[in-house]
Protein chains: 2
Amino acid sequence: MESVNNSMDGCDDIQGVLSTEVKSFFDSAPPLKDYDHFSEKLKLFISQNFQRSENQNSTRIVCVTSGGTTVPLEQRCVRYLDNFSSGHRGATSTEYFIKSGYAVIFLYRRGTCQPYSRNLGEETFLEYFEPSKGTEIQVRQSHDEEVKNAVRDYHTAAEKGMLLKLPFTTIFEYLQLLKLVALSMKCIGSGGIFYLAAAASDFFVPWDSMAEHKIQSSGGPLDMRLIPVPKLLSVLRNEWAPSAFYISFKLETDSEILLNKADMALKKYGMHAVVANELTTRKEEVVVVTSNKKITVRRCHQDEDVEKPLIELLIMQHSQYIQQKQLGNAYLS
Amino acid sequence: MESVNNSMDGCDDIQGVLSTEVKSFFDSAPPLKDYDHFSEKLKLFISQNFQRSENQNSTRIVCVTSGGTTVPLEQRCVRYLDNFSSGHRGATSTEYFIKSGYAVIFLYRRGTCQPYSRNLGEETFLEYFEPSKGTEIQVRQSHDEEVKNAVRDYHTAAEKGMLLKLPFTTIFEYLQLLKLVALSMKCIGSGGIFYLAAAASDFFVPWDSMAEHKIQSSGGPLDMRLIPVPKLLSVLRNEWAPSAFYISFKLETDSEILLNKADMALKKYGMHAVVANELTTRKEEVVVVTSNKKITVRRCHQDEDVEKPLIELLIMQHSQYIQQKQLGNAYLS
């Protein structure tokens with residue numbers, strides 16, 4: 001096992017091997033505001049989960065990324081480009097991972113679906129309650145079971161130290177946080193999973209070439225040129241946390257190109273599994289693409305989450321991956 | 001007083017006088033999904049508020065628009081351009097309008113701040129509660145008063161029929177809803193206010209020239225051309241609900257150009273008041289710009305909302321406006 005304390009310090013070494021493109025992305029990004037606070041929380045969360053495990057090899061932590069990232073078009077941000085993602089997949093998957101004994105680092109877009117409250121409608125929680133005697137309030141009969149279960153399950157997960165939530169908004173915050181989490185999780189080795197369900201922006205405007213003030217609308221059409229976000233997936237996979245198990249997602253609206261793109265992502269970035277979703281059917285079925293097969297995962301009935309069989313399958317694959325790694329290590333030693 | 005029932009039927013006549021630009025915007029926009037449902041709700045809300053008033057001239061209804069609109073870049077929307085707005089101003093103002101006896105049509109962006117829960121943090125409501133005896137839950141001591149007051153105030157407003165909430169996401173939905181509300185409110189005459197706090201997009205991609213499927217990221221930089229959204233404010237002001245009192249907002253990051261732009265908006269669109277906000281100080285002070293003065297409104301202390309004195313001032317101006325209108329009518333008759 002690598003040391004927890006040293007895992008942060010590798011940062012500068014790693015920067016050295018990054019391509020100029022990636023390095024310049026991080027160099028020009030506005031610094032992450034709560035870096036020290038998040039870093040402390042992560043260290044504590046990971047060391048507590050180490051202690052909770054029977055032995056250090058049995059620690060299981062998954063980083064679930066969730067929701068879309070934004071790309072600011074102005075430094076003092078009024079306008080931005082956004083990627084659609086409710087965060088429902090990430091929030092739901094988090095619940096099933098925790099149920100299976102995995103601790104979850106939930107890296108989520110502010111304002112998106114949260115674990116345990118994802119089924120409670122999109123509007124204000126005030127509607128689930130009503131005034132009762134005196135100054136008291138009570139849960140409305142229509143939401144009674146749902147709300148009470150949600151509060152109980154959420155608190156159980158939080159109290160056991162199984163859930164750490166870290167929020168982001170921009171692509172800059174997301175990638176800096178992902179790097180921080182990855183370097184912190186390096187010490188978990190093959191017990192770690194990256195479940196990359198967030199819809200990260202493909203294009204961005206470099207911070208230093210961005211308008212400082214609000215773009216004025218008086219001057220006719222607005223022409224924008226965005227450049228591709230450097231593909232950090234291979235750096236994450238090969239440098240930041242090279243022993244972890246990697247699952248990424250492909251969402252397309254055109255089913256024709258979906259499986260091809262999933263296959264390409266698998267090979268190009270060395271993912272262990274790619275979950276292929278089609279926009280309109282993604283709540284009913286997904287296809288898990290691995291190097292040697294494509295498995296269609298469907299929910300059994302309308303009330304079931306497709307994430308239930310999906311997480312079961314992925315955890316099985318993760319266990320096989322750990323066994324192979326251990327066999328490989330035993331063979332080498 | 002104009003008839004409530006006929007207020008929807010003017011729609012086709014009004015289209016006739018709209019400029020080609022505005023007409024083509026509405027013609028090419030994807031039809032509003034819940035049009036009939038929203039239209040029914042609006043009719044009911046307005047007629048109930050008529051009945052509740054002592055006499056029909058004393059009906060006071062304000063349409064508060066809140067949050068930013070999105071501009072889809074793809075028809076099956078994955079990527080979109082967004083305008084930053086938490087919706088805090090609109091949600092807070094709604095509470096103060098209701099407190100002053102105004103019924104509020106709250107036209108809000110999905111997922112933004114809601115009246116009565118705006119101070120309850122941005123994250124999941126599950127954190128305000130904790131499990132108690134058996135399967136019961138209770139409000140956490142730390143949030144006890146806040147949560148109970150919020151539930152009580154929200155339900156009081158809802159039960160009295162003082163609050164109607166209508167959600168939007170895209171600029172297409174927002175402008176179609178605003179038109180529907182305006183035509184429904186025409187019958188209120190000068191008792192109506194439009195409090196246009198939403199951050200509507202200035203630029204858009206016409207629906208029919210939009211990519212049907214997700215834009216692929218493999219082909220180098222992304223070049224986009226957006227065209228200006230037609231300025232509907234003058235159509236709203238002059239055609240849809242010409243007797244109402246109009247308040248619009250200017251938000252700028254550069255204080256130098258703010259007051260100039262507020263002045264221009266006042267004259268160009270015939271607003272009765274423009275609230276000028278500077279991005280960094282907008283929670284402490286705003287400037288209310290009218291045709292003959294500029295009044296700086298500041299909150300008195302840190303715990304006060306700047307919306308408290310702001311709404312007081314605007315309601316005073318609205319009352320003067322109604323008096324002038326009535327005097328004008330008396331003089332004419």
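Note on naming: letters A, B, ... go to the chains in the order of the sequence lines (proteins, then strands), and numbering restarts at 1 for each one.
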Decide yes or no for B:Pro221 and A:Leu226: does some side-chain heavy atom of the first lie under 4.5 Å from some side-chain heavy atom of the second? no

Quick check for you: to the nearest 0.5 Å, what is the distance between B:Ile137 atom CD1 and A:His155 atom NE2? 8.5 Å

Would you give the length of the straight line joining atom CD of A:Glu127 to atom OG of B:Ser117, rounded to the nearest 0.5 angstrom? 9.5 Å

Measure A:Val139 against the heavy atoms of chain B and call it side chain, backbone, both or neither at under 4.5 Å. side chain

Any non-hydrogen side-chain atom of B:Tyr80 less than 4.5 Å from a side-chain atom of A:Tyr80? no

With heavy-atom distances below 4.5 Å as the criterion, would you say the side chains of A:Arg79 and B:Asp202 are in contact? yes

Measure up the B:Phe125 and A:Phe125 rings against each other and bin them: parallel (under 30°), tilted (30 to 60°), perpendicular (over 60°). parallel

With chain B as the partner, which of A:Arg152, A:Lys148, A:Glu130 has the greatest number of non-hydrogen pairs under 4.5 Å? A:Lys148

Shortest non-hydrogen contact from B:Pro115 toward A:Leu126: O-CD1, 3.9 Å

Between A:Phe129 and chain B, which part of the residue has a heavy atom less than 4.5 Å away: side chain, backbone, both or neither? both

Taking atom CG of B:Leu73 and atom CG of A:Asn83, what is their separation to the nearest 0.5 Å? 9.5 Å

Between A:Asp82 and B:Leu81, is there a side-chain heavy-atom distance shorter than 4.5 Å? no

Quick check on A:Gln138: does its CD atom have over 12 non-hydrogen neighbours (other residues, nucleotides or ligands) under 6.0 Å away? yes

